[in-house]
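What you see below is based on every heavy atom in this structure, not just the backbone, and it leaves out hydrogens, waters and symmetry mates.
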Protein chains: 2
Amino acid sequence: MIDATVARNQVVEAADRLFYAQGVQAVGMDAVRAAAGVSLKRIYALFPSKDALVAAVLEHRRAQWNAGIAAGTAGADTARGKILAVFDFLDGWFREPGFNGCAFINAYGELHGGSPAVARTVREQKDAFQRYIADLVREAGGPEILAAQIAILAEGAQTTAAIAGTPDAAAQARAAAEVLLDAALA
Amino acid sequence: MIDATVARNQVVEAADRLFYAQGVQAVGMDAVRAAAGVSLKRIYALFPSKDALVAAVLEHRRAQWNAGIAAGTAGADTARGKILAVFDFLDGWFREPGFNGCAFINAYGELHGGSPAVARTVREQKDAFQRYIADLVREAGGPEILAAQIAILAEGAQTTAAIAGTPDAAAQARAAAEVLLDAALA
DNA sequence: TTGCCTTGAGAACGACCGTTCTCTATCATA
DNA sequence: TATGATAGAGAACGGTCGTTCTCAAGGCAA
């Protein structure tokens with residue numbers, strides 16, 4: 001038998017791929033079973049319900065996002081550089097094959113009506129990102145509104161890249177962020 | 001019997017309210033029937049399938065959006081004023097009770113995997129908005145990238161207002177747009 | 001009034017999905 | 001080897017949903 005931790009990871013990663021590509025409600029538990037190679041009985045031993053699996057998938061996405069941001073901004077040594085590096089990270093992500101928009105925004109649009117837990121998780125993720133940007137802006141000496149504006153640019157770039165299919169949105173948003181930073185710090 | 005046009009409007013408007021508040025997949029055709037006061041048989045005589053009803057609802061939303069933008073920007077007499085008026089329009093919309101984000105973004109997140117028609121409709125709507133902004137930016141004498149940046153701000157304000165529940169996103173995006181306009185036209 | 005067409009209300013149907021259950025095979029232990 | 005617990009495969013169950021069908025009621029022409 002496969003170790004419980006390994007099986008759990010297989011299920012979460014398979015569900016993540018399927019949910020992200022097709023949407024949560026369009027993917028049945030049997031499809032998750034087939035993709036993960038873990039029996040339904042085992043899946044329900046690891047996750048009490050599909051909702052719990054969705055929560056685990058979002059948690060997995062959050063960890064991936066945090067790791068990606070951390071890695072992307074590690075090379076920058078100033079707060080301003082870190083802020084701009086966020087958009088470089090987005091640029092690379094938008095160009096990955098299979099990019100399909102922000103999984104949190106997608107999940108919110110799909111499930112906000114039926115699952116308060118999902119809505120709350122999405123809100124927490126976006127809040128955490130806003131706080132991250134706010135810390136950097138404060139460190140750079142910028143005003144409070146600038147943090148909100150940078151975050152809005154990042155959100156807008158994600159939906160624009162997803163729907164219009166234009167990865168350039170990251171570079172455009174980055175250029176806008178530069179203008180805002182210059183204007184605020186002048 | 002109710003006139004066909006009237007019945008059609010009742011169905012579309014009821015479906016719009018339900019779909020927007022709860023999501024498309026969470027609302028059954030029977031709930032649409034109850035809310036519209038039109039029998040299922042009649043609904044299926046007017047729309048061959050639920051997909052067709054979804055398409056009609058999105059078309060209805062597009063008309064509403066265009067009318068709202070037109071009314072919101074009618075008072076401005078310069079291209080720059082019209083661009084900023086778009087954010088004022090968003091501000092008013094975000095503060096309406098029941099505001100739940102952009103219906104097109106929500107529908108895309110929910111249905112992009114299963115309904116190419118919906119994905120295409122959403123893309124067309126966003127393209128049309130981008131062209132509208134691009135025309136205004138060109139009229140104001142701004143560079144091409146500015147149009148994309150303004151559109152990104154508008155998209156980001158919508159998702160931020162929806163998820164974080166902060167209608168202030170409109171004013172913050174508007175202020176950012178002002179900075180970008182000033183920098184580009186200086 | 002009589003017969004016909006249409007309509008509305010809702011039952012019915014077939015498909016699908018989340019979840020649970022059954023049954024068989026496997027493996028560890030004595 | 002015998003035994004008992006466990007896991008996997010997939011059938012089964014209950015519910016929901018999109019769609020269609022039935023049937024009774026009502027309006028309209030002759």
Side-chain angles (χ1 to χ4, degrees), chain A residues 1-58 106-107 109-118, chain B residues 1-58 106-107 109-118:
Chain A
M1 178 183 97
I2 314 172
D3 180 69
T5 309
V6 174
R8 202 188 138 92
N9 283 347
Q10 284 180 356
V11 172
V12 168
E13 280 164 19
D16 186 33
R17 275 193 303 275
L18 293 172
F19 290 168
Y20 184 59
Q22 308 176 35
V24 173
Q25 311 201 65
V27 173
M29 292 298 278
D30 201 62
V32 174
R33 175 202 58 78
V38 174
S39 77
L40 267 183
K41 193 174 187 175
R42 198 88 195 283
I43 293 179
Y44 275 94
L46 293 164
F47 306 96
S49 67
K50 190 181 184 181
D51 273 359
L53 176 57
V54 171
V57 166
L58 289 180
N106 290 348
E110 183 172 359
L111 303 169
H112 66 88
S115 170
V118 167
Chain B
M1 178 182 99
I2 315 171
D3 181 67
T5 309
V6 174
R8 201 189 140 93
N9 282 348
Q10 284 179 358
V11 172
V12 168
E13 279 164 21
D16 185 32
R17 275 193 302 274
L18 293 171
F19 290 169
Y20 183 60
Q22 310 176 33
V24 173
Q25 311 202 67
V27 174
M29 292 297 278
D30 202 63
V32 174
R33 174 201 60 77
V38 175
S39 76
L40 267 184
K41 194 174 188 177
R42 198 87 195 283
I43 293 178
Y44 274 95
L46 293 165
F47 306 96
S49 67
K50 189 181 184 182
D51 272 358
L53 176 57
V54 172
V57 166
L58 289 180
N106 291 349
E110 183 173 359
L111 302 169
H112 66 87
S115 171
V118 167

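- Contacts with DNA chain C (heavy atom under 4.0 Å) in residues 24-32 of chain A: A:V27, A:G28, A:M29, listed by number.
- Taking atom CG of residue A:D51 and atom C1' of nucleotide C:dC17, one finds them 13 Å apart after rounding to whole Å.
- In this structure, B:L46 atom CG and D:dT19 atom C1' are separated by 15 Å, rounded to whole Å.
- No side-chain heavy atom of B:V38 sits under 4.5 Å from any side-chain heavy atom of B:R33.
- Counting to the nearest Å, the C1' atom of C:dT7 and the OH atom of B:Y44 are 18 Å from each other.
- Nearest approach of B:Q25 to B:K50, heavy atoms of both residues: CA-NZ, 4.3 Å.
- Between B:R33 atom CZ and C:dA11 atom P the separation is 10 Å, expressed in whole Å.
- One N or O on the side chain of B:E110 and one on the backbone of B:V24 form a donor-acceptor pair closer than 3.5 Å.
- Side-chain contact between A:F19 and A:N106 is absent, with no heavy atoms from C-beta onward closer than 4.5 Å.
- The side chain of B:R42 lies closest to C:dG8, out of C:dG8, D:dA9, D:dT20.
- One atom, CD of B:Q22, and another, P of D:dC17, lie 11 Å apart when rounded to the nearest Å.
- Regarding B:K50, its NZ atom lies at a distance of 15 Å from the P atom of D:dT16, rounded to whole Å.
- OP1 and OP2 of D:dA7 both lie 4.0 Å or more from every side-chain N or O belonging to A:K41.
- Closest heavy-atom contact between A:L18 and A:V27: O-CG2, 3.6 Å.
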* To do: Check the pair A:V118, A:H112 against side-chain contact (heavy atoms from CB on, under 4.5 Å), reporting the backbone distance first and the verdict last.
  => CA-CA 7 Å; A:V118 167; A:H112 66 88; over 6 Å; no

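- Atoms CG (A:L53) and P (C:dG18) sit 10 Å apart, rounded to a whole Å.
- Here the P atom of nucleotide C:dG10 and the CD1 atom of B:I43 are 14 Å apart, to the nearest Å.
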